[in-house]
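Read through the structure below, which is laid out as structure tokens, and then see the notes.
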Amino acid sequence: MIKVLFFAALRERLNTATVELDSSTLPADASAAAVLTKLQSRSADWQHELSRQDLLCAINQRLCPLHTKVSPGDELAFFPPVTGG
Amino acid sequence: MIKVLFFAALRERLNTATVELDSSTLPADASAAAVLTKLQSRSADWQHELSRQDLLCAINQRLCPLHTKVSPGDELAFFPPVTGG
Amino acid sequence: MSISVLVQHEDFSMADEYAQLSRDCRCGAVVTFCGLVRELQDHALISMTLEHYPGMTEQALQTIAEQAQQRWQLGAVRIIHRIGTLTPNEQIVFVGVASAHRAAAFEAAQFIMDYLKTQAPFWKKEHSSQGSHWVAAKTTDQQAARRWE
Amino acid sequence: MSISVLVQHEDFSMADEYAQLSRDCRCGAVVTFCGLVRELQDHALISMTLEHYPGMTEQALQTIAEQAQQRWQLGAVRIIHRIGTLTPNEQIVFVGVASAHRAAAFEAAQFIMDYLKTQAPFWKKEHSSQGSHWVAAKTTDQQAARRWE
């Protein structure tokens with residue numbers, strides 16, 4: 001399984017905080033971008049929200065580019081630009 | 001009269017904190033540099049101490065270059081580079 | 001060199017944090033930054049909610065502090081970020097850096113804030129008489145972070 | 001915009017100074033700098049005496065604060081410099097800046113310290129087991145001040 005988390009405005013607009021994906025439905029060398037594409041296919045809303053250019057991606061709680069490979073058991077997260085501090 | 005103050009290491013080496021100069025012994029358009037030259041003539045020690053290139057000059061409690069004109073009643077000060085903070 | 005990072009709802013005491021940072025007497029310079037909930041320009045801010053990514057926030061702040069430690073000679077770094085609902089004038093974030101030299105302390109504190117603003121997973125939602133809305137990221141923050149690259 | 005400058009032997013309270021600076025809630029950013037008496041590298045520092053030019057010090061600090069105010073949008077500037085004899089780990093100098101924006105607060109605090117170090121008439125004399133000597137001015141301080149020209 002791959003766990004995907006959403007935060008802040010994205011979490012609100014998707015009305016979803018967490019999704020569990022069956023890793024077997026993804027290619028063995030799938031990237032975070034492939035996960036994103038798979039999630040976008042869920043609905044027109046998800047397609048729209050997950051196509052925003054400014055989305056950030058974290059794998060196992062570290063920021064990383066979308067082309068980074070994911071492995072079964074990974075925790076992915078997608079979220080809008082951060083605004084703390 | 002022109003009052004001249006010395007501070008810190010310079011005050012210690014001259015063993016003098018204040019000197020009063022009769023303005024009438026200075027040209028009417030005398031600069032701080034002219035005052036310094038007059039003071040240097042007091043002794044070999046003063047000549048030496050007041051010839052240091054890094055001395056700072058203040059007129060009426062504001063840092064200023066040596067070519068600044070002085071007027072009767074002014075308060076001059078000469079001191080080493082500052083080291084506060 | 002000590003690094004200490006805290007993510008919590010509870011308020012912090014600037015006095016206590018400063019006392020801790022200044023205890024190490026090899027460090028002649030202590031720089032602190034505090035961020036406070038600011039009033040909005042056009043209408044009254046009632047409160048602000050800070051969402052975060054539990055686990056990742058602590059890790060991100062620790063990484064930022066370590067990066068600062070690699071770039072400058074520092075004696076101590078302390079970062080505290082509050083989460084949950086805060087009201088105007090409340091403290092949000094504290095960054096404190098102790099160093100032997102003031103330039104290192106100043107630069108490290110700025111670096112930490114610039115990276116925190118762009119890399120630590122916190123999100124602000126403002127609640128005012130006009131409703132609630134997520135604060136937009138600022139391009140000036142992105143630019144500020146980029147100068148350290 | 002408020003400017004407040006103090007030259008005194010008495011110690012100051014970082015907590016009180018910070019509380020005062022953060023009171024103005026239009027200011028979301030408060031940066032403080034504290035300079036402390038540092039141990040010497042090679043032998044034990046017993047104490048340090050700070051000589052100053054009475055009258056000129058206050059005026060110099062006020063001028064530096066005003067210059068900072070002209071360069072950046074600031075809510076409040078506070079400068080405290082101690083004089084007389086101080087022992088290791090005692091506080092020497094406090095600079096606090098409140099602003100709506102953190103970049104302004106950071107830069108103004110650095111600017112004030114850089115100018116204070118090169119233009120305010122204070123002189124340090126260190127007393128150690130090796131005797132007493134006047135601290136030499138550092139070229140790095142001159143360079144730091146020059147970057148603002």
Side-chain angles (χ1 to χ4, degrees), chain A residues 1-21 23 31-33 35-36 39-40 45-85, chain C residues 5 7 33-38 48-64 66-67 79-84 86 91-95 109-126 132-142 144-145:
Chain A
M1 298 294 276
I2 288 174
K3 194 177 177 186
V4 186
L5 309 178
F6 306 113
F7 288 97
L10 184 64
R11 174 182 53 72
E12 281 189 353
R13 287 194 291 246
L14 297 179
N15 202 25
T16 305
T18 317
V19 166
E20 302 253 330
L21 282 184
S23 336
S31 64
V35 173
L36 199 59
L39 293 168
Q40 285 167 347
D45 270 1
W46 283 54
Q47 172 73 42
H48 177 71
E49 294 301 336
L50 293 172
S51 299
R52 290 171 183 265
Q53 291 299 308
D54 60 2
L55 279 195
L56 295 177
C57 170
I59 300 182
N60 298 328
Q61 308 193 348
R62 287 191 178 270
L63 284 178
C64 59
L66 279 176
H67 60 72
T68 311
K69 298 279 174 284
V70 297
S71 307
D74 278 355
E75 176 178 299
L76 262 72
F78 296 105
F79 42 79
V82 301
T83 57
Chain C
V5 155
V7 176
F33 173 85
C34 267
L36 305 157
V37 179
R38 224 183 342 180
M48 168 182 282
T49 305
L50 268 147
E51 180 168 332
H52 78 303
Y53 182 169
M56 180 172 166
T57 39
E58 291 82 350
Q59 205 170 306
L61 297 180
Q62 178 76 27
T63 301
I64 293 167
E66 286 166 5
Q67 287 173 319
I79 308 176
I80 306 175
H81 204 299
R82 295 179 68 193
I83 50 174
L86 305 175
Q91 302 181 125
I92 304 172
V93 62
F94 173 86
V95 170
Q110 277 175 295
F111 170 89
I112 290 168
M113 276 308 300
D114 289 345
Y115 271 51
L116 185 156
K117 282 265 183 188
T118 53
Q119 302 195 355
F122 296 98
W123 301 271
K124 282 182 191 139
K125 192 174 195 177
E126 289 175 345
S132 296
H133 77 277
W134 292 98
V135 171
K138 283 185 275 178
T139 52
T140 50
D141 286 330
Q142 298 290 335

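So you know, we letter chains A, B, ... as the sequences are listed, proteins then strands, and number each from 1.
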Under 4.5 Å to a heavy atom of chain C? For A:Arg62 that would be both

Applying a strict 4.5 Å limit to non-hydrogen atoms, the region of C:Thr63 in contact with chain A is side chain

Cut-off 4.5 Å, heavy atoms of chain A, and the answer for C:Gln119 is both

Output for pair (A:Arg11 CZ, C:Tyr53 OH), nearest 0.5 Å, gives 13.5 Å

Counting heavy-atom pairs under 4.5 angstrom with chain A, the leader among C:Val135, C:Ile83, C:Thr49 is C:Val135

Looking only at C:Met113, C:Lys125, C:Arg82, most heavy-atom pairs under 4.5 Å shared with chain A are made by C:Lys125

So, the part of C:His133 with a heavy atom under 4.5 Å from chain A: the answer is neither

If one checks every heavy atom of C:Ala60 against chain A at 4.5 Å, the contacting part turns out to be neither

The interface call for A:Ala58 against chain C, heavy-atom contacts under 4.5 Å, is side chain

Separation between CD (C:Glu51) and CZ (A:Phe79), nearest 0.5 Å, reads 11.0 Å

Is there a donor-acceptor contact under 3.5 Å from the side chain of C:Lys124 to the main chain of A:Gly85? yes

Whatever's closer than 4.5 Å to a heavy atom in chain A on C:Lys138 counts as neither

If one checks every heavy atom of A:Asn60 against chain C at 4.5 Å, the contacting part turns out to be backbone

So, the side chain of C:Trp123 versus the backbone of A:Phe7: is there a donor-acceptor pair under 3.5 Å, distance only?
-> no

Taking every heavy atom of A:Val82 against every heavy atom of C:Leu116, the minimum-distance pair comes out as CG2-O, 4.4 Å

